[in-house]
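So you know, we letter chains A, B, ... as the sequences are listed, proteins then strands, and number each from 1.
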Amino acid sequence: MTVEHPSGRLVERYARGDADIPADEVWAVESHLEKCAPCRARLADAGDGALVDAVWTDLAPMLDGVPQMPYRRPRVRRFHAWVTPSMVPWLIMMLVVAVVAVVFDHIAADPDQVSLVLLVAPVLPVLGVAASWSRGLDPTYEMSAATPRAGLPLLLRRTLAVLLAVIPALLVAGWDASTALWLLPCLAFTTTTLALGGLVGVTRAAVALVVVWAAVIVAPTVALNRTPLALHAGGLPVWGALVALGLVVVVVRKGAYTHLGAHR
Amino acid sequence: MTRVVSAAETAPTTYSHEIRATGLKVRVGLRKMAVDGLDLSLGTGVHGLLGPNGAGKTTLIRALATVLRPAEGRLELLGSSVGGRVDLRALRRRIGYLPQEFGYYKRFTVREFVEYMAWLKEMPKRDVPAAVQRAVERVGLADRADHRMKTLSGGMVRRAGIAQAIVNDPRVLLLDEPTAGLDPAQRLRFRELLQELGTDSCVVVSTHLVEDVAAACTDVVLFADGKLVFQGTPDRLAAEGGSEHVGDSPIERGYSALLGTPGKEQGQW
């Protein structure tokens, strides 16, 4: 296909803004210029630049008056893609509790003593997950719920941030055979919170699980001063199954997290 | 640098109305139907959503924002049906929403706040700074862009909320009580902005203030007890009222003609 380029004279007249060019020719020149870079270059050379200069002198003072917007604090921005400002105090609290639990376990070197890490590890991330998806704690919940990013990917992202904060803090205690004893219940509670959250709301699910944990495990343990059966090595397959079940429910019901109901 | 216009933006639309509801029902709580069998078609323009307290305006706007699932009926936004297993992400990228209870992170600056919302709206990274600048300028907060949200007055916070709603150039813009907390001069400016936005997108504004509707809206939707009472131009609403009806302006008289004297028979005021 051969393309007709406008003559040099026509481009010159167009650049001058001559009023006597027929409308159909102006139209043809303009639509050609949009597509043809060499002709745009000819156009740039053709004019004496008076028009461009005039526009520029009008525009320049306005541009100076307007503050230009570079990205501010890019590191902060990247951080908030994972952790909302409303989660920060909760994360700090969780870290403090984790450190205290680890320190207590170290001081009380009595082998009969029930490990504090074992008792707090499962519920710590639950609190952080609730804070990340809560109507009461996150002031922007309704606005963010209506955005395209809202939903399971964002919830998982925030959950991962919580786990990445809590688990290393607990791992300070040491990496040995007993690590799985608290790590699996910790993950099981996290996935169960998410799974129940899709049904009744993340905050409600978190509160319910913490209450159940306190009543069924913590209270008897403190009363009898004996590590409960659920936290012995024999319980590990059950905790593992809970992790898997939670994940399956979360994936199957992933649509639920895009609505306001999950924020209750 | 000029903004690059994508093919998607210039593609012809394949729907007649941006918002189309047929027999729409939305449940609040376990039993109450806050929107109860609504048939509504809204196209390009500014639509004022009027109605008494508890009429279901907020529920309707939430359903339009796709954060509440319709219990029954059909809701089509931008030609795609909501409620089925539709991909909400693509749809939500073209929706702007300002909720009635509008919260924000106090330590964010206006710019960071709008940037954060632009990120949540999955805007292309390189478009964000310019889009944020434009949105903040349009609501008149350019000189406050680097102030923290907690230092702003109530009206400015509202305007920051409007800025985050329009930052992604939405085709459907949903504003729930946007004029609350704005002073008269700001409201005038806001009406101009509404008219500007309404030229190429579908703007739904829920409000109590009848004068906002008269001044800025091309279309009035009167809503009571979850049902549509009236839809038409502000002039037609004004024509409904006569001198025997309560109200200080023709539109207020039309409003009370259609809804009855609001609240009087229920012993309220």
Side-chain angles (χ1 to χ4, degrees), chain A residues 34 59 62-89 131 134-155 157-158 198 200 252-264, chain B residues 58 61-69 84-109 111-123 125 128-134 136-137 142-143 145-146 149 161 164-165 168 174 176:
Chain A
E34 277 175 16
L59 204 56
M62 283 201 279
L63 288 179
D64 289 339
V66 176
Q68 288 303 302
M69 290 190 141
Y71 263 133
R72 293 279 167 133
R73 305 194 284 166
R75 231 176 270 156
V76 174
R77 202 183 72 239
R78 248 173 271 140
F79 175 72
H80 287 311
W82 293 84
V83 177
T84 64
S86 58
M87 285 164 68
V88 173
S134 160
R135 179 176 295 197
L137 298 174
D138 186 355
T140 66
Y141 81 94
E142 192 170 348
M143 255 185 315
S144 28
T147 60
R149 229 178 256 278
L152 188 58
L154 188 64
L155 180 56
R157 185 191 267 258
R158 291 178 182 175
V200 297
V252 168
R253 294 191 39 84
K254 63 174 190 284
Y257 303 95
T258 53
H259 296 277
L260 272 187
H263 288 264
R264 283 174 301 187
Chain B
T58 293
I61 291 219
R62 281 181 175 163
L64 296 179
T66 70
V67 293
L68 285 185
R69 232 187 304 231
R85 293 198 165 269
V86 69
D87 178 24
L88 281 180
R89 293 177 80 142
L91 183 58
R92 283 180 172 181
R93 280 189 208 123
R94 298 192 287 164
I95 295 180
Y97 175 44
L98 174 67
Q100 187 173 11
E101 292 157 30
F102 153 60
Y104 52 89
Y105 300 123
K106 292 189 173 62
R107 296 178 60 82
F108 272 19
T109 64
R111 179 170 308 184
E112 281 166 346
F113 171 66
V114 181
E115 255 173 23
Y116 180 67
M117 291 309 296
W119 175 78
L120 280 175
K121 293 178 181 205
E122 297 186 326
M123 291 181 67
K125 213 171 172 183
V128 169
V132 170
Q133 171 78 43
R134 209 168 95 87
V136 169
E137 272 173 23
D143 53 335
D146 289 315
M149 294 289 286
Q164 68 77 24
N168 55 333
L174 308 160
D176 201 352

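Within the 4.5 Å cutoff, side-chain heavy atoms of A:E142 are placed close to those of B:Y97. For the pair B:L120 and A:L154, the minimum side-chain heavy-atom distance is below 4.5 Å.
Here A:H259 contributes atom NE2 and B:R62 contributes atom CZ; the two are 14.0 Å apart, rounded to the nearest 0.5 Å. With rounding to the nearest 0.5 Å, the separation of OG1 in A:T147 from CG in B:L88 is 11.0 Å. Atom OG of A:S86 sits about 11.0 Å away from atom NZ of B:K106, to the nearest 0.5 Å. A distance of 10.5 Å separates OG1 in A:T258 from CZ in B:R89, rounded to the nearest 0.5 Å. Of the inter-residue distances, the one linking A:R77 atom CZ with B:E115 atom CD reads 6.0 Å to the nearest 0.5 angstrom.
Of the possible donor and acceptor atoms, one in the side chain of B:R92 sits under 3.5 Å from a partner among the backbone N and O of A:A145. A:R149 contributes a side-chain N or O that, together with a main-chain N or O of B:W119, makes up a donor-acceptor pair within less than 3.5 Å.
Pairing each heavy atom of A:P85 with each of B:F108, the nearest pair is CG-CE1, 3.5 Å. Across every non-hydrogen atom of B:P99 and A:M143, the tightest pair is CD-CG, 3.4 Å.
For a residue to count as touching a neighbouring chain, one of its non-hydrogen atoms must lie under 4.5 Å from one of that chain's; by this rule B:Y105 touches chain A with backbone and side chain alike. In this structure, no portion of B:I95 lies under 4.5 Å from any heavy atom of chain A.
If you tally non-hydrogen atom pairs under 4.5 Å between each of A:A146, A:G261, A:A81, A:P148 and chain B, the highest count goes to A:P148.
Summarising the local packing, CZ of B:R107 is surrounded by 12 or fewer heavy atoms from other residues, nucleotides or ligands at distances under 6.0 Å.
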